[in-house]
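Written out below as structure tokens is the structure these notes cover.
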Amino acid sequence: MIRLLSTKLLLPQEVEAFAALGFQVESLPLIRVQLSETIEAFPQADFAIFTSGNALEALQRHPAAKALAPRRAFCVGSKTRERLESAGWEVVTSFGYAQQLANYLVEQYAGYSFVFFCGESRMETLPKVLAKKGIPCHECLTYTTELTPKKLAKHYDGLLFFSPSAVRSFLVANSFAEEKIFCIGSTTQSALPEGVSSYIAHSPTLEGIIERCQEIFNNRQT
């Protein structure tokens with residue numbers, strides 16, 4: 001059976017989805033998310049922006065901040081969209097990548113203001129693009145990400161990465177050998193050392209990672 005290592009914790013049903021296709025997957029979380037104990041005041045804005053479900057979870061814990069947040073949002077990621085809508089937010093639209101969202105906002109919403117609920121390690125893409133066009137976007141820190149590196153104790157056929165932070169954490173205690181490396185998106189892939197080969201999921205979702213693993217390994221047993 002093909003052995004995979006996920007660098008984030010997977011739910012039982014997600015592990016089962018891999019197993020159904022002939023993959024044995026283990027989880028070894030390499031980062032820890034700390035939700036902010038307080039959220040600083042932020043200006044009123046027309047729309048909210050989320051690129052992570054962690055930001056939404058943090059905001060939900062602070063009723064006062066939540067009440068001041070605009071109820072219409074743009075986001076990155078289908079899972080983040082699902083969480084927003086389940087929490088009662090109106091999601092105007094969502095994209096797979098921050099660059100796609102940034103381009104869309106510049107083209108369609110240049111006359112509006114935004115508050116970007118994010119973590120301290122968020123990518124510069126959205127803020128830079130909006131700032132360049134003079135579009136008001138206030139960044140509101142809602143969580144931090146701590147690296148929790150661990151030395152691998154065994155060999156795996158494939159390694160699954162879901163964030164640039166997880167890549168950085170992995171490299172603190174390990175190096176890449178002959179494993180096949182799978183990244184949820186191009187942003188995560190960009191954190192890999194130069195010259196390291198990897199595969200990007202067809203869509204920036206866990207399902208996209210699974211499909212990519214199936215394609216590359218062709219579901220063959222090892």
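Residues: numbered from 1 along the sequence shown.
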- Are I184 and V167 co-members of a hydrophobic cluster defined by side-chain heavy atoms under 4.5 Å apart? no

- Query: Side chains of H202 and E215: does their closest heavy-atom pair fall under 4.5 Å?
  - Reply: yes

- Okay, side chain of T7, backbone of A166: is any donor-acceptor separation there less than 3.5 Å? no

- Rounded to the nearest 0.5 Å, how far does CD of E57 lie from OH of Y143? 11.0 Å

- Task: Measure centre to centre between the rings of F95 and F74, then say whether the value is under 6.0 Å.
- Result: no

- Message: Testing V129, V92, I49 one by one against L105 for a side chain to side chain contact (heavy atoms under 4.5 Å, CB included), which residue passes?
- Response: I49

- Message: Parallel, tilted or perpendicular, judged at 30° and 60°: which one describes the rings of F47 and Y109?
- Response: perpendicular

- Query: For A98, does its backbone N or O pair with a side-chain atom of Q100 as donor and acceptor, under 3.5 Å?
  - Reply: no

- Within-4.5 Å side-chain heavy-atom neighbours: P43 and V115: no

- Show your reasoning for whether side chain to side chain contact (heavy atoms under 4.5 Å, CB included) applies to I210 and Q214. CA-CA 6 Å; I210 293 175; Q214 186 180 23; 5.5 Å; no

- Query: Does the S27 side chain pair with the main chain of S6, one donor and one acceptor, at a distance under 3.5 Å?
  - Reply: no

- Query: Run the side chain to side chain contact (heavy atoms under 4.5 Å, CB included) check on I39 and L59 step by step: do they pass?
  - Reply: CA-CA 8 Å; I39 294 181; L59 185 62; 4.1 Å; yes

- Message: For a 4.5 angstrom cut-off between non-hydrogen side-chain atoms, does L4 reach C213?
- Response: yes

- Item | Polar side-chain atom of S94 near backbone of C75 as donor-acceptor pair, under 3.5 Å | no

- For E207 and E14, run side chain to side chain contact (heavy atoms under 4.5 Å, CB included): C-alpha distance rounded to whole Å, both residues' side-chain angles, the deciding distance at 0.1 Å, then the answer. CA-CA 9 Å; E207 292 76 14; E14 294 171 335; over 6 Å; no

- Query: Is E120 reaching over with its side chain to a backbone N or O of T145, donor-acceptor style, under 3.5 angstrom?
  - Reply: yes

- Task: State, yes or no, whether a side-chain contact exists between F18 and I209 at a heavy-atom distance under 4.5 Å.
- Result: yes

- Do the side chain of D157 and the main chain of I2 share a donor and acceptor less than 3.5 angstrom apart? no

- Test: E139 and R122 ion pair at under 4.0 Å: yes

- Do you know which two heavy atoms are closest between F116 and C137, and how far apart they sit? CB-SG, 3.8 Å

- State, with a plain yes or no, whether a side-chain heavy atom of K150 is found less than 4.5 Å away from one of L28. yes

- Task: For the pair T51 and F117, evaluate side chain to side chain contact (heavy atoms under 4.5 Å, CB included) and give the outcome as yes or no after the intermediate values.
- Result: CA-CA 8 Å; T51 57; F117 297 103; over 6 Å; no

- Item | Side chain proximity check, F182 to I216, heavy atoms < 4.5 angstrom | yes

- Can a salt bridge be assigned to the pair K180 and E178 using a cut-off of 4.0 Å between side-chain N and carboxylate O? no

- Message: Could you check whether any side-chain heavy atom of R168 comes within less than 4.5 Å of a side-chain heavy atom of S165, counting everything from C-beta outward?
- Response: yes

- Message: Just so I know, are the side chains of R3 and K154 near enough to count as touching, which here means a heavy-atom distance under 4.5 Å?
- Response: yes

